[in-house]
Amino acid sequence: MHVHSDHEPVVLMAFPVGGDRKIGLRLALPKGQTATLGVVYQTIRGAIGFEHTSNRRFFSPRHPTGFRSPQVDVNLRFSTVDVRRFIVYAASTPKVSPTTTVLFVRDGNRAQADLPTLLTNDPQAGLTVVCSGYAGPDGLVLRNESVLYPHLRSACHGFGFGQVEWLDDHTPIV
């Protein structure tokens, strides 16, 4: 299902029956663009954690798509076991124009949500919080946020992850 930030922004993904509580995150990018895809999460015990991955400009795997230009992906598998809430963010390297992209979220039931978003590629607002999530009694509630921030520290504060010490604006001390 396609989840737009301005029209029907929320989707419920039921917990899988078999116990695989991981979700797959895939950010589709035009060939040659580098980006970091990450998750900030809070466990049910209140601990805050970070996971992220980046693609490299020349070594990213390509695959054929329906788009007019070649595409590369940034992939991250994230376990939602004992997670209360989380945000998914993407940060890109500076470019002349913004990049319209889609974050594909797939759960253990093979259900998929497509979250369109924008990477500004601007150093003043270089980080996009693509979506937020909450583990409820019936499954994961995802909300397409598509909110811009200048850095990871401000995004964490904006979404209530304030109990983090920082080395700099992009590097948490964990």
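Numbers here simply count residues along the sequence, with the first being 1.
- Side-chain polar atoms of Ser92 and Asn121 form a donor-acceptor pair below 3.5 angstrom.
- A cation-pi arrangement is absent between Arg84 and Tyr41, since the terminal nitrogen or guanidinium carbon is not both under 6.0 Å from the aromatic centre and inside a 45° cone about the axis.
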### Pair Thr99-Gln33, side chain to side chain donor-acceptor pair (under 3.5 Å): steps then yes or no
CA-CA 9 Å; Thr99 303; Gln33 178 152 2; 2.8 Å; yes
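- In this structure, Thr120 OG1 and Lys95 NZ are separated by 12.0 Å, a value rounded to the nearest 0.5 Å.
- In this structure, Ser132 OG and Asn144 CG are separated by 9.0 Å, a value rounded to the nearest 0.5 Å.
- For the pair Arg85 and Phe161, the cation sits on the ring face: its NZ or CZ lies under 6.0 Å from the ring centre, inside 45° of the axis.
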### Query
Going through the distances and angles, do Phe78 and Phe86 end up as a ring pair (Phe, Tyr, Trp, His ring centres under 6.0 Å)?
CA-CA 10 Å; Phe78 171 64; Phe86 61 91; 5.5 Å; yes
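- Under a 3.5 Å cut-off, the side chain of Thr128 and the backbone N or O of Leu118 do form a donor-acceptor pair.
- Leu76 and Leu27 end up in the same hydrophobic cluster when Ile, Leu, Val, Met, Phe, Trp and Tyr side chains are linked at under 4.5 Å.
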#### Entry: CA sep, side-chain torsions, deciding dist, call: Leu29, Leu119, side chain to side chain contact (heavy atoms under 4.5 Å, CB included)
CA-CA 10 Å; Leu29 296 168; Leu119 301 180; 3.7 Å; yes
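- Thr117 contributes no side-chain N or O that, together with a main-chain N or O of Ser146, makes up a donor-acceptor pair within less than 3.5 Å.
- Taking the centre and axis of the six-membered ring of Phe104, the NZ or CZ atom of Arg26 falls inside the cone set by 45° and 6.0 Å.
- A distance of 9.5 Å separates CD of Glu51 from CG of Leu25, quoted to the nearest 0.5 Å.
- Leu127 has its side chain out of reach of Ser154: every pair of non-hydrogen atoms, C-beta onward, lies at least 4.5 Å apart.
- Considering all non-hydrogen atoms of both residues, Ala28 and Asp73 come closest at CA-OD1, 3.6 Å.
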### Query
What do the steps show when you test Asn75 against Thr53 for side chain to side chain contact (heavy atoms under 4.5 Å, CB included), and what is the final call?
CA-CA 7 Å; Asn75 294 293; Thr53 188; 5.9 Å; no
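- Linking ILVMFWY side-chain heavy atoms closer than 4.5 Å, directly or via other members, places Phe15 and Val83 in a single hydrophobic cluster.
- A donor-acceptor pair under 3.5 Å links the side-chain atoms of Asn55 to the main chain of Ala35, judged by distance alone.
- Residues Phe159 and Trp166 share a hydrophobic cluster, clusters being chains of Ile/Leu/Val/Met/Phe/Trp/Tyr side chains in contact below 4.5 Å.
- Of all heavy-atom pairs spanning Leu103 and Cys131, the tightest one is CD2-SG, 4.2 Å.
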### Task
Dump the intermediate steps for side chain to side chain contact (heavy atoms under 4.5 Å, CB included) on Leu140 and Ile23, then the final yes or no.
CA-CA 10 Å; Leu140 282 179; Ile23 57 173; 3.8 Å; yes
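- Smallest separation of non-hydrogen atoms from Ala155 and Val129: CB-CG2, 3.8 Å.
- Using modelled atom types, no side-chain atom of Thr171 and backbone atom of Asp168 make a donor-acceptor pair closer than 3.5 Å.
- Here the NE2 atom belonging to His151 is positioned 10.0 Å from the CD atom belonging to Gln124, to the nearest 0.5 angstrom.
- Hydrophobic clustering (ILVMFWY, side-chain heavy atoms < 4.5 Å, transitive): Val39 and Leu148 are in distinct clusters.
- A donor-acceptor pair is defined here as one N or O able to donate and one able to accept, closer than 3.5 Å; no such pair exists between the side chain of Asp122 and the backbone of Gly126.
- Between the CZ atom of Arg21 and the OG1 atom of Thr80 there is a distance of 4.5 Å, given to the nearest 0.5 Å.
- Between Leu115 and Val105, the shortest heavy-atom distance links the atoms CD1-CG2, 3.5 Å.
- The shortest non-hydrogen separation linking Val102 to Asp114 is CG1-CB, 4.0 Å.
- Other residues, nucleotides and ligands place no more than 12 heavy atoms under 6.0 Å from the NE2 atom of His52.
- By the criterion of side-chain heavy atoms lying less than 4.5 angstrom apart, applied directly or through intervening Ile, Leu, Val, Met, Phe, Trp or Tyr residues, Val40 is not grouped with Tyr134; the two fall into different hydrophobic clusters.
- Considering CG of Leu167 and CZ of Arg153, their distance stands at 9.0 Å, rounded to 0.5 Å.
- Taking every heavy atom of both residues into account, Phe50 and Cys156 meet most closely at CE2-SG, 3.9 Å.
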